[in-house]
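Have a look at the structure below, then the notes.
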Amino acid sequence: MSTQASRSAARLMISPSVILLFLWMAVPLGMTIWFSFQRYNLLMPGQGGFVGWDNYYYFLTDPAFFTALINTLVLVGGVLLITVFGGILLALLLDQPIFGQGIVRVLVIAPFFVMPTVSALVWKNMLYNPVNGIFAYLAKAIGLQPYDFLAHAPMLSITIIVAWQWLPFATLILLTALQSLDSEQLEAAEMDGAGALSRFFYIMLPHLARAATVVILIQTIFLLSTFAEILVTTNGGPGNASTTLTYLVYVQSLLQFDVGGGAAGGVVAVILANIVAIFLMRMIGKNLEA
Amino acid sequence: MGQITLKGVRKAFGDVEVIPPLDLEINDGEFVVFVGPSGCGKSTLLRLIAGLEDVSGGEIEINGQPSAELPPAKRGLAMVFQSYALYPHMSVRKNIAFPLKMAKLDQAAAKEKVDNAARILNLTDYLDRRPGQLSGGQRQRVAIGRAIVREPAAFLFDEPLSNLDAALRVNMRLEISELHQKLKTTMVYVTHDQVEAMTMADKIVVLQAGRIEQVGSPLELYRTPRNKFVAGFIGSPKMNFIEGDEAAKYGADSIGIRPEHIEVSTTEGAWKGTVGVSEHLGSDTFLHVDTEYGLINVRGGGEIGLHSGDTVYLTPDLSQLHKFDAQGQAI
Ligand SMILES: Nc1ncnc2c1ncn2[C@@H]1O[C@H](COP(=O)(O)OP(=O)(O)O)[C@@H](O)[C@H]1O
Ligand SMILES: [Mg+2]
């Protein structure tokens with residue numbers, strides 16, 4: 001890949017896929033930006049036209065916007081917290097030589113293969129339900145009032161559902177990282193007088209930093225667009241207590257039929273996602289180097 | 001103080017007995033080398049001493065104390081691993097200081113010890129680098145530095161030089177020997193390379209399939225190998241073995257003669273042969289001679305002037321002839 005000719009050939013060869021990918025991304029983004037400056041309400045046909053920054057103004061000053069912003073951060077932050085810490089603990093457990101290790105590992109991975117709508121329904125009807133749910137049953141068994149999770153703690157409940165789905169992913173990545181740790185390093189540390197805790201904090205945890213970074217970056221991308229779990233369980237409610245940015249865009253365009261406003265919300269969401277991405281790369285991106 | 005005594009030490013992994021019961025005495029201040037072919041249980045033996053593996057039977061005493069209940073860190077032994085096992089995310093300084101930190105030594109004292117070790121090992125300029133930014137030899141030195149600062153009763157080395165290139169290996173060999181002379185601490189050193197064993201050891205322990213074949217000083221092993229295995233393993237190029245009638249003449253099942261104890265002549269001698277390959281090293285010449293007793297290696301002077309296809313006569317130095325019985329034991 002060094003001569004002039006081979007380099008131009010290479011460029012020519014990869015150009016179709018690059019162009020395709022570019023169109024794939026650029027066309028929807030361009031259309032979203034275009035719509036975000038239009039008056040485009042499905043309930044008022046024929047009243048189109050350019051409205052400048054109005055859509056943005058109404059979206060950003062909507063009181064639901066701030067709530068949605070906070071909810072999004074709570075959801076993403078909460079799930080990351082649970083999956084990274086839970087993932088490390090599970091990975092440590094699964095790394096032990098236990099009986100039936102293979103089966104246990106498959107079981108741990110299982111939630112990842114359940115589609116979001118299904119897992120949300122299972123949680124909603126079989127676990128959280130205040131009348132028929134298992135949690136309600138357990139509460140009654142020990143003489144407590146059943147707690148209506150989705151009504152009284154909607155964000156926490158959704159965070160738990162999403163975390164349950166993503167825990168296997170985090171565990172899997174962290175487990176592979178843990179297994180790639182040179183056992184001689186641990187033995188050296190043991191001879192150097194490090195107890196189990198010191199070995200974990202000084203040797204294992206730094207070794208896991210890179211894998212944890214990958215987990216955080218990948219999960220953040222997917223968590224920002226969490227939608228099915230909210231739609232299935234709470235519909236963003238009660239009120240807008242569990243409305244995230246993604247869900248707010250949906251409400252705007254498909255429940256209020258305001259496509260222009262929804263597009264503006266979409267652009268805002270893209271910008272915020274990029275800000276989060278930049279922050280993340282600043283904070284933990286250096287773990288990926290070298 | 002680094003006296004290590006192994007009494008009937010045995011190790012089995014499941015049903016496989018890797019080390020049959022074995023006794024060994026390692027004296028304070030000695031440089032002991034375990035040598036043997038790959039897979040003969042050298043590392044396992046070292047790890048038993050270190051406490052990284054539990055013995056299946058027998059007892060290891062360190063300075064007269066039974067060590068069965070002692071975890072690795074409490075045995076006062078420091079180990080240098082084949083892969084170096086440096087902590088990749090810590091600087092060289094932190095790597096070397098790690099055992100001191102674990103021992104909760106105060107910072108000033110720790111810094112002094114680290115600086116001291118770095119000076120001994122020529123690492124002062126590299127203290128702030130990460131292991132990944134060092135060459136193989138430097139990493140090796142960091143691993144040794146991490147061992148030195150603990151001021152252990154004995155050092156354990158597991159093939160520490162096998163990841164280095166040939167020139168560096170000779171250098172590090174010398175440095176470790178010098179370190180031993182400076183510190184006068186017991187060192188137990190594992191290698192599969194008999195040259196390392198011969199050049200460094202006060203006492204060599206030759207192992208085969210977990211069994212001790214012979215213990216002795218390098219020259220003892222060279223001059224009076226107890227059996228055919230030791231005779232063939234110690235010395236380079238390897239000893240020549242001849243069996244059959246020629247051996248029977250000397251009243252043995254097989255005889256062995258080292259390449260350097262054979263006289264070469266173009267006119268007369270005991271065994272006639274044809275030179276196959278000749279390796280001219282300048283100082284020495286190694287001749288591979290085809291005889292009716294098989295291939296015989298001969299070490300001649302640098303000026304010998306013999307080449308492939310030449311007819312030569314070989315005469316063994318009878319005072320240096322080794323005789324073995326049918327079981328391979330020296331007679
Ligand atoms: N943890 C283990 N489990 C089972 N067998 C082992 C284990 N460690 C070593 N062995 C076996 O013990 C023998 C000796 O190994 P080792 O001490 O590493 O040899 P060396 O260091 O002399 O090359 C080998 O046959 C190896 O397969
Ligand atoms: Mg080994």
Side-chain angles (χ1 to χ4, degrees), chain A residues 84-85 87-88 91-92 95-102 173-217 280-290, chain B residues 43 46-53 70-91 94-105 110 129-133 139 142-160 163:
Chain A
V84 171
F85 283 100
I88 290 176
L92 282 175
D95 199 28
Q96 307 299 319
I98 45 171
F99 178 73
Q101 198 173 40
I173 303 268
L174 291 165
L175 178 63
T176 356
L178 205 56
Q179 285 172 340
S180 74
L181 177 58
D182 179 12
S183 66
E184 287 200 343
Q185 261 180 49
L186 291 175
E187 288 175 349
E190 194 179 347
M191 294 213 61
D192 282 345
L197 273 183
S198 300
R199 287 205 294 279
F200 175 71
F201 282 108
Y202 289 109
I203 314 293
M204 288 184 181
L205 218 47
H207 179 78
L208 289 179
R210 181 189 292 222
T213 309
V214 170
V215 167
I216 291 174
L217 289 179
L280 276 181
M281 287 307 282
R282 276 278 162 79
M283 279 196 303
I284 58 176
K286 66 176 189 309
N287 282 343
L288 294 180
E289 286 160 18
Chain B
S43 299
L46 199 68
R47 292 164 58 83
L48 287 172
I49 296 175
L52 294 171
E53 303 273 4
L70 288 180
K74 295 269 156 55
R75 297 190 177 196
L77 308 174
M79 184 144 166
V80 176
F81 292 83
Q82 182 171 0
S83 68
Y84 315 136
L86 300 179
Y87 312 128
H89 50 276
M90 296 184 199
S91 65
K94 288 206 170 126
N95 260 286
I96 298 180
F98 188 73
L100 304 176
K101 186 168 173 178
M102 290 300 111
K104 303 209 164 53
L105 197 73
R129 293 210 195 162
R130 295 272 179 99
Q133 299 164 312
R139 281 181 216 182
V142 177
I144 295 173
R146 197 171 61 185
I148 290 181
V149 289
R150 289 182 52 197
E151 294 170 10
F155 289 94
L156 311 176
F157 292 92
D158 190 357
E159 311 216 8
N163 288 337

ask   = Distance from B:Tyr84 atom OH to A:Asp182 atom CG, nearest 0.5 Å?
value = 12.5 Å
inquiry  = Please classify the contact of B:Leu100 with chain A as side chain, backbone, both or neither, using a heavy-atom distance under 4.5 Å.
reply    = neither
query = Pick from B:Ala103, B:Gly132, B:Pro99, B:Pro88: which one has the most heavy-atom pairs with chain A under 4.5 Å?
reply = B:Pro99
With a strict 4.5 Å heavy-atom criterion, list every residue of [range] that contacts chain A, or say none.
{"range": "residues 71-80 of chain B", "result": "B:Pro72, B:Ala73, B:Leu77, B:Met79"}
{"range": "residues 146-158 of chain B", "result": "B:Arg146, B:Arg150"}
{"range": "residues 46-53 of chain B", "result": "B:Arg47, B:Ala50, B:Leu52"}

ask   = Among all residues two or more places apart in sequence or in another chain, which pass the ring-ring contact (aromatic ring centres under 6.0 Å, His included) test with B:Phe81?
value = none
query = Checking heavy atoms, do the side chain of A:Ala209, its backbone, both or neither come under 4.5 Å from chain B?
reply = neither
request  = In sequence, state the C-alpha distance, the side-chain angles, and the governing distance for B:Tyr87 and A:Tyr202, and then conclude on side-chain contact (heavy atoms from CB on, under 4.5 Å).
outcome  = CA-CA 9 Å; B:Tyr87 312 128; A:Tyr202 289 109; over 6 Å; no
